[in-house]
Protein chains: 2
Amino acid sequence: MPSSTPPPNARARQKRERRLALIEAAQRLVGERGLDDVTVEEISSAAGLSPRTFFNYFDSKDDAVLGIQEIELDAEVRAQFVAGGPSGRLMTDLETLVAGFLTNADPNIEQGERAMRLMVSEPRLVQRHIAWHQRVIGELEELLGERRKARPSPVDDDTIGMVAGLLMRASALAWARSGYEGDAVAHLPEAVAQLRLLLDD
Amino acid sequence: MPSSTPPPNARARQKRERRLALIEAAQRLVGERGLDDVTVEEISSAAGLSPRTFFNYFDSKDDAVLGIQEIELDAEVRAQFVAGGPSGRLMTDLETLVAGFLTNADPNIEQGERAMRLMVSEPRLVQRHIAWHQRVIGELEELLGERRKARPSPVDDDTIGMVAGLLMRASALAWARSGYEGDAVAHLPEAVAQLRLLLDD
DNA sequence: ACTGCAACTTGCACTCACTGCAAGAATAAT
DNA sequence: ATTATTCTTGCAGTGAGTGCAAGTTGCAGT
């Protein structure tokens, strides 16, 4: 996995280290004192950086606590989905795609777990987490437009996007309920099963 | 309907008028200039109020643009759901409950429509809108706990809550796609149908 | 090693959202 | 009429987030 391989480039390595240091400091301080009683100044100085630099790494304080970053979908998974695959059944392929997003989502599983825990005590973080899903769904909806050419569907993009977002969050919650066994993607099938169960009540 | 009945109380009437004036001003200015180029000071002075008073009415600028308010569920609908009804099938009853929320959601349909339109140009508002759904879902999850006693379900509260949120948003989007015919609740069955269609692909 | 280049950090000054508080005005209750 | 309540507002403050320009540091080509 690419996350355990430190980049040979000195610049990139430092960037990565500083990023992790900021997340670590943010999570620790917020865990101790609460989201509103920790300033960006404190977080950045705990990480040995200036407040101004903090905002070169994250758009907001909340983003740092969650360790939010841009995630890029695996090119192969992407191409396959656009072509109408891999199975040809939309719901199944959507599951594959969501799995693709989830695996690339979090390079550091410990920080991901701490982020999930902090969401329990700080509801604002949940909202930010969901908002971040929105960005992913934005990319997904582009793919849907392309896939439509290969394999049209009577379901509109909005619904598909919302279901994808629901599955991401449901997987994360199932992961938390399990006591953080394995990673979030391992609980995706469970999330799908729950959804089907409800719909077929 | 209670929304068209102005309260006899002078205080309450003024409160209502000022609230609507703030939403109206916020929506107009943001529509003209964009969310980040309008200040709270401008909105409140356009409504003839002080900036400080603005924050007595709304928690944030975004909330004013969306016209967000507390919504209370009809007591009868609530009691029926908790008792395990009205149909006894969870998904069906959930639909009834969501309909109950949607009908009480927006006292002013024109402002609701303008809010939906502004969400297209201002993605941040979408996030806030979804965040507001979260609060409703919070109340819903309390009801689920009680309903469980009368009628247990193998589906966990989180999934049910997320589906309820999805249905609210999907209804709103279907309403928008229809060119704002009727109200949002009229498009709830369509939203459910789309969801089922996807799951049964 | 020298040099020019690009990326990164930082300080500075600034805007503005949002809050607590306390005083004053308007309204309701008695 | 007077007392109590509720609402508005000004004031002073905190802190998030941004643009800019100057400095610093690693990188590439020669």
Side-chain angles (χ1 to χ4, degrees), chain A residues 6-23 25-27 29-30 32-70 122-125 127-128 131-132, chain B residues 6-23 25-27 29-30 33-70 118 122-125 127-128 131-132:
Chain A
N9 190 323
R11 195 100 94 182
R13 185 181 59 243
Q14 192 190 44
K15 198 168 180 176
R16 183 189 148 81
E17 281 167 4
R18 288 182 164 175
R19 190 194 150 73
L20 291 177
L22 283 172
I23 298 174
Q27 291 183 338
L29 290 172
V30 169
E32 288 168 5
R33 276 188 263 159
L35 197 50
D36 289 327
D37 287 319
V38 173
T39 68
V40 170
E41 201 283 329
E42 290 169 321
I43 295 170
S44 34
S45 97
L49 295 170
S50 80
R52 191 61 188 79
T53 302
F54 175 96
F55 288 106
N56 292 346
Y57 281 85
F58 298 100
D59 287 340
S60 71
K61 186 167 68 174
D62 298 15
D63 282 12
V65 177
L66 293 176
I68 279 178
Q69 63 177 353
E70 301 299 317
E122 302 283 356
R124 230 175 65 204
L125 294 179
Q127 298 179 4
R128 194 78 189 185
W132 169 73
Chain B
N9 190 320
R11 194 99 97 184
R13 186 180 58 245
Q14 192 190 45
K15 198 168 179 178
R16 181 190 150 83
E17 281 167 5
R18 288 182 164 174
R19 189 194 152 72
L20 291 177
L22 283 171
I23 298 173
Q27 291 183 338
L29 290 172
V30 168
R33 278 188 261 159
L35 197 51
D36 289 327
D37 287 319
V38 173
T39 68
V40 169
E41 201 282 330
E42 291 169 320
I43 294 171
S44 35
S45 96
L49 296 170
S50 81
R52 190 61 187 80
T53 302
F54 176 96
F55 288 105
N56 291 348
Y57 282 84
F58 298 100
D59 287 341
S60 72
K61 184 167 68 173
D62 298 16
D63 281 11
V65 177
L66 293 176
I68 279 177
Q69 62 177 354
E70 302 299 318
L118 286 170
E122 303 282 358
R124 229 175 64 203
L125 293 179
Q127 298 178 6
R128 193 79 186 186
W132 170 72

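Here is how names work: the chains are called A, B, and so on, in the same order as the sequence lines, proteins then strands, and each is numbered from 1.
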Query - Rounded distance in Å - CG (A/Asn56) to C1' (D/dG23) - result: 14 Å
Query raised in the report: Which base sits across from D/dA21 as a Watson-Crick or G-U pair, both distances under 3.5 Å?
Result: C/dT10
Requested in this report: Look at the side chain of B/Arg52 and the base of C/dG20, then say whether one donor and one acceptor between them are separated by less than 3.5 Å.
Outcome: yes
**Report entry** Beyond-backbone contact of B/Thr53 with B/Arg18, side-chain heavy atoms, under 4.5 angstrom
**Finding:** no
Query raised in the report: What is the distance from atom CG of A/Asp63 to atom CG of A/Leu125, rounded to the nearest 0.5 Å?
Result: 10.0 Å
Report task. Using only side-chain N and O atoms of A/Thr53, determine if any of them is under 4.0 Å from OP1 or OP2 of C/dT9. Result -> no
Query - Atom pair distance, as rounded to whole Å: CG in A/Asp36 and P in D/dG15 - result: 11 Å
Report task. Applying side chain to side chain contact (heavy atoms under 4.5 Å, CB included), run through B/Leu66 and B/Trp132 and close with a yes or a no. Result -> CA-CA 10 Å; B/Leu66 293 176; B/Trp132 170 72; over 6 Å; no
Query raised in the report: Can you name the closest pair of heavy atoms from B/Ala46 and B/Leu29 and give their distance?
Result: CB-CD1, 4.2 Å
Query raised in the report: How close or far is atom P of D/dG10 from atom CZ of B/Phe55, stated in whole angstroms?
Result: 15 Å
Requested in this report: Whole angstrom is fine here: how far is it from CG in A/Asp37 over to P in C/dT19?
Outcome: 14 Å
Query raised in the report: CZ of B/Phe58 versus C1' of C/dT19: gap in Å, rounded?
Result: 18 Å
Report task. State, with a plain yes or no, whether a side-chain heavy atom of A/Arg124 is found less than 4.5 Å away from one of A/Asp36. Result -> yes
Report summary line: Whole-Å distance, B/Leu49 CG to D/dT9 C1', equals 10 Å
Query raised in the report: Counting only side-chain N and O atoms of B/Arg18, is one of them less than 4.0 Å from OP1 or OP2 of D/dT8?
Result: yes
Query raised in the report: Taking atom P of D/dT25 as reference, at what distance in whole Å does atom CZ of A/Arg13 sit?
Result: 16 Å
Query raised in the report: Given atom CZ of A/Phe54 and atom P of D/dG17, what is their separation to the nearest angstrom?
Result: 7 Å
**Report entry** A/Asp62/A/Leu35 under side chain to side chain contact (heavy atoms under 4.5 Å, CB included): CA gap, chis, key distance, verdict
**Finding:** CA-CA 8 Å; A/Asp62 298 15; A/Leu35 197 50; 4.2 Å; yes
Report task. Dump the intermediate steps for side chain to side chain contact (heavy atoms under 4.5 Å, CB included) on A/Arg13 and A/Glu17, then the final yes or no. Result -> CA-CA 6 Å; A/Arg13 185 181 59 243; A/Glu17 281 167 4; 3.6 Å; yes
Query raised in the report: To the side chain of B/Tyr57, which of D/dT9, D/dT18, D/dC7 is closest?
Result: D/dC7
Report summary line: Expected string for nucleotides 23-30 of chain C under the B/S/- scheme (protein heavy atoms, under 4.0 Å, primed atoms plus P, OP1, OP2 as sugar-phosphate) is ---BBS--
Requested in this report: Look at A/Lys61 and D/dG17 and indicate whether a side-chain polar atom (N or O) is within less than 4.0 Å of OP1 or OP2.
Outcome: no
